[in-house]
Amino acid sequence: MRTFGVSRAFGDVPAVKPPSRAVHAGRELGARSPLAPDLSTAAVHVYTDLDDYDAVAKGERPGHYYGRNSNSNREMLEKAVAELEGAEAGLATGSGMSALHATILALAPRPATIVATRELYGGTMALLRQDFEPAGYEVHFVDLADLDAARRALAGAGLVLAETITNPLCRVPDLEAIAAIAHERGVPFLVDNTFASPILCRPLELGATAVMHSVTKYIGGHSDLLAGVAVGSATAIGAARARSVRTGTPLGPFDAWLALRGLRTLDVRMRRHSENSIALARAMQKMDGVARVHHPLLEDSPSFPVASRLLPHGAGGMMAFDLEGGRDAVQRMMLRFKLVAFAASLGGVETTISYPEITSHRSLTPQERAELGVTPGTVRVSVGIEDADDIVTDFAQAISA
Ligand code: PLP
């Protein structure tokens, strides 16, 4: 049997690099093994020996007994993402939000102060405000790019939550510095690494306690599944898994199968997404009608120094721009696109735009959006893997209207 990755010893052979891990992680190949995993849709497995069932149910023997507890496709995805992120354990759930929910509760099981980045994904903000605050948690939204503010906010906190690249303005907080402060203060540090993917950034290597992804986005990569994953220590992920099993949020086998298939090409996709997004950002800086372009690797981005250090291989496909003329101009541009589509998600092979005012940030008040820098002309772009010139041409002709 051959296994790959960093979490399992591989004789004297050094651990393979992330692009190779993406291709091989999570699988164990022996003679006559299927090279691509079989899809196991069984909700339940049959046993003939009570001791055997008991041992599997206790986790003392490998195997599966009931689909809510485990499934071979889900397990393969969990191991693969854990190996790729350099984690001990992984948990896959039905969407990014359930992975986040289970992990927050694993790291901060009792009401505590949660410090979260100010520029948080709107769905996460809604979860903290509408589910955690009523349950007795205190939530502070802080600009984590300001390390003095982070240091003050983390005193006495029970959890700090950041995103590798923020939504929609693509700022990159200094995860390494935040992790150092969190360690000093004894505060667990959870990172939503959805926008970067484990190819471009591995927050555990920078000192984070746990990491989650909306697998729906880059890891799946084809806009055809909903899934989430969380990785971290066996203890933290064990606690998240127990909650996910109790509340019935595990990922179904087919979505796990699709997500693993997506993961295999993650490295090549992230390279192309990264090349295309910076090409489009630079081209847009010269387009009439575009007031501002947001990309962490543009020299005028406030995140440029940190992003250049933390994302040396590129920043993925996410960027944003402010269109002069607000909502009406955005609507006019949308009607002229030939290639680009409006879609309220991201991370697929195709270039899409979304409009934060009515999508990711719709739960915020106009004033809150303005404070974050999200204007009525702000458009978020998930740059796909098409030819860069074709993408630039489509934006140029649509905006020139
Ligand atoms: N985190 C980020 C950064 C996201 O963009 C999203 C979804 O857009 C989520 C989490 C939630 O993931 P899901 O839709 O898979 O539940």
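Both counts, for ligands and for their atoms, begin at 1 and track the order of listing.
Taking the six-membered ring for Trp and the full ring otherwise, the centers of Y47 and Y65 sit at least 6.0 Å from each other. For an aromatic pair to be called close, the ring centres must be under 6.0 Å apart, and H273 with Y218 satisfies this. Aromatic ring centres of F132 and H101 lie closer together than 6.0 Å.
Ligand 1 has A227 within reach: a non-hydrogen atom of the residue lies less than 4.0 Å from it. In this structure, H213 has no heavy atom closer than 4.0 Å to ligand 1.
Polar contact with ligand 1: present for S214 (N/O pair, distance under 3.5 Å). Not one N or O of E163 is nearer than 3.5 Å to an N or O of ligand 1, by distance alone. Residue T124 has no N or O atom closer than 3.5 Å to an N or O atom of ligand 1. An N or O contact shorter than 3.5 Å links G96 to ligand 1 by distance. At under 3.5 Å, a nitrogen or oxygen of M97, whether backbone or side chain, sits near a nitrogen or oxygen of ligand 1.
In this structure, atom 9 (C) of ligand 1 lies nearest to the protein heavy atom Y121 CE2, 3.4 Å. Taking atom 7 (C) of ligand 1 as the reference point, the nearest protein heavy-atom neighbour is K217 NZ, 2.9 Å.
Taking a cutoff of 4.0 Å between a charged side-chain nitrogen and a carboxylate oxygen, R362 and E357 do not qualify as a salt bridge. Salt bridge status for R171 with E163: absent, with no side-chain N to carboxylate O gap under 4.0 Å. We find that E176 and R309 are joined by a salt bridge, their nearest charged nitrogen and carboxylate oxygen being less than 4.0 Å apart.
Ring pair F395/F337 is perpendicular by interplanar angle, where above 60° counts as perpendicular and below 30° as parallel.
The ligand atoms of ligand 1 that sit less than 4.0 angstrom from a heavy atom of D192 are 1 (N), 2 (C), 3 (C), 10 (C).
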